[in-house]
Protein chains: 2
Amino acid sequence: MSSATPPGSAAPPDPGTPPASGTASPVAAFAALADETRWAVLQALADAGPGSAAGAGAPGGGADAGTSAAGLTASALADRLPVTRQAIAKHLAVLEAAGLVESRIVGRERRYRALGAELTALGRRLERIGDAWEARLGRIAAIAKELERG
Amino acid sequence: MSSATPPGSAAPPDPGTPPASGTASPVAAFAALADETRWAVLQALADAGPGSAAGAGAPGGGADAGTSAAGLTASALADRLPVTRQAIAKHLAVLEAAGLVESRIVGRERRYRALGAELTALGRRLERIGDAWEARLGRIAAIAKELERG
DNA sequence: CGAATGTGCAACCGTTGGGTTGCACTGACC
DNA sequence: GGTCAGTGCAACCCAACGGTTGCACATTCG
């Protein structure tokens, strides 16, 4: 009971842990990744490129040129996805709480961008846990073989 | 809309895909990993070692010696965790559907074991997606800089 | 055979969660 | 200053989920 310690169940009161930056809890991140709509949001954020930023609408002019790599707003995402802006906002809140997304207030709008590094870190953690399990299984098999041989 | 393709949303009818083996859908796996009790189950399965297999009970004799690395039953897990056997059974069903756990019927009992390799594969996939996002962000930043200079 | 252990299915309950609608508010633009 | 786009909060609905209880079925052991 010491190798893989993913959840915060056995964690101490956690007193001196300011909201440093990244992942809150792995399970929260998994819960955030457990929804297809949320994946769609993440993917839309991930391939949000310059030129297709604000998308349709913006009749006045080009407007958001310049800081093109700043991400998308909830409304822009709602334009791309078949759900309400409010639903998107909730999803973005979940994703941000899980540390998978970051938000910046620009003018009167809030731009979100995906944090791929957090995803990568989470993946690496999963990888390590899986490897630990496999290793333990191997060890058990070895012991069993040993016992069999006498 | 071509780099990372985690969910099965945009997937074709998927006609000729027999239940090859492992992971059904990544989102299913994440949903499976999004519960603390399920993590506890996985961990209990992961460090299920010889000697502590059937746990307390078994008054008759040693019984399950031999195939000690075969995994734990739902009842044994229910003995270790503060939930009902039925709850454990449901969790195991979810985990098995997600491809994170495997079951073997021995006598009248069903033994489960954790599939660490699947976890590892899932982690690797996450890692790749995160890296792809980061790469795309870098490319966007480069383009923005180019535009600024031009 | 009878008793015990283990499993599986089904009903049920409380809570969470995705999604919508509606409204109030604030910052930008004419 | 008035209007318009964009956000935020709150209420509400319905489906899914975690969990329990209860019972019926199989299988092993005395």
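Here is how names work: the chains are called A, B, and so on, in the same order as the sequence lines, proteins then strands, and each is numbered from 1. Computed over heavy atoms, backbone and side chain alike; hydrogens, waters and symmetry mates excluded.
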Should the side chain of [X] and the base of [N] be counted as holding a donor-acceptor pair, with the cut-off at 3.5 Å?
{"X": "A:K90", "N": "C:dG17", "answer": "no"}
{"X": "A:R85", "N": "D:dG8", "answer": "yes"}
{"X": "A:R38", "N": "C:dG17", "answer": "no"}

For this session: Describe the nucleic acid contact of A:R110 in one word from base, sugar-phosphate, nothing, applying a heavy-atom distance below 4.0 Å.
Result: sugar-phosphate

For this session: May I ask you to verify if any side-chain N or O of A:H91 is less than 4.0 angstrom from the OP1 or OP2 atom of C:dG19?
Result: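 So the side-chain polar atoms of A:H91 do come within 4.0 Å of the phosphate oxygens OP1 or OP2 of C:dG19, strictly under.
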
Exercise. D:dG18 phosphate, OP1 or OP2: any side-chain N/O from B:T37 under 4.0 angstrom?
Worked result: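 No, outside the criterion.
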
Problem set entry | A:D35 vs A:G107, nearer the 5' end of DNA chain C by closest nucleotide |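 Looking at DNA chain C, the more 5' nearest nucleotide goes with A:D35.
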
Problem set entry | 5'-most by nearest nucleotide on DNA chain C - A:T84 or A:R108 |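 Closest to the 5' end, via its nearest nucleotide, is A:T84.
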
For this session: Using atom CG of A:L72 as one end and atom C1' of D:dA5 as the other, report the distance to the nearest whole Å.
Result: 17 Å

Exercise. Taking B:T84 for the side chain and B:A87 for the main chain, is one N or O donor matched with an acceptor at less than 3.5 Å?
Worked result: no

For this session: Using the rule that two of Ile, Leu, Val, Met, Phe, Trp, Tyr join whenever any of their side-chain heavy atoms come within less than 4.5 Å, decide whether B:L81 and B:W39 are in one cluster.
Result: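 The answer is yes; both residues are in one hydrophobic cluster.
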
Exercise. Do A:I88 and A:L115 sit in the same hydrophobic cluster, where Ile, Leu, Val, Met, Phe, Trp and Tyr count as joined when their side-chain heavy atoms come under 4.5 Å apart?
Worked result: no

Seminar exercise, completed: Among C:dG8, C:dG19, D:dA10, the one nearest any side-chain atom of A:V83 is C:dG19

For this session: Could you check which of D:dG18, C:dG8, C:dG18 has an atom nearest any side-chain atom of B:Q86?
Result: C:dG8

For this session: Kindly indicate whether the side chain of B:V94, heavy atoms from C-beta on, has any atom under 4.5 Å from the side chain of B:D35.
Result: no

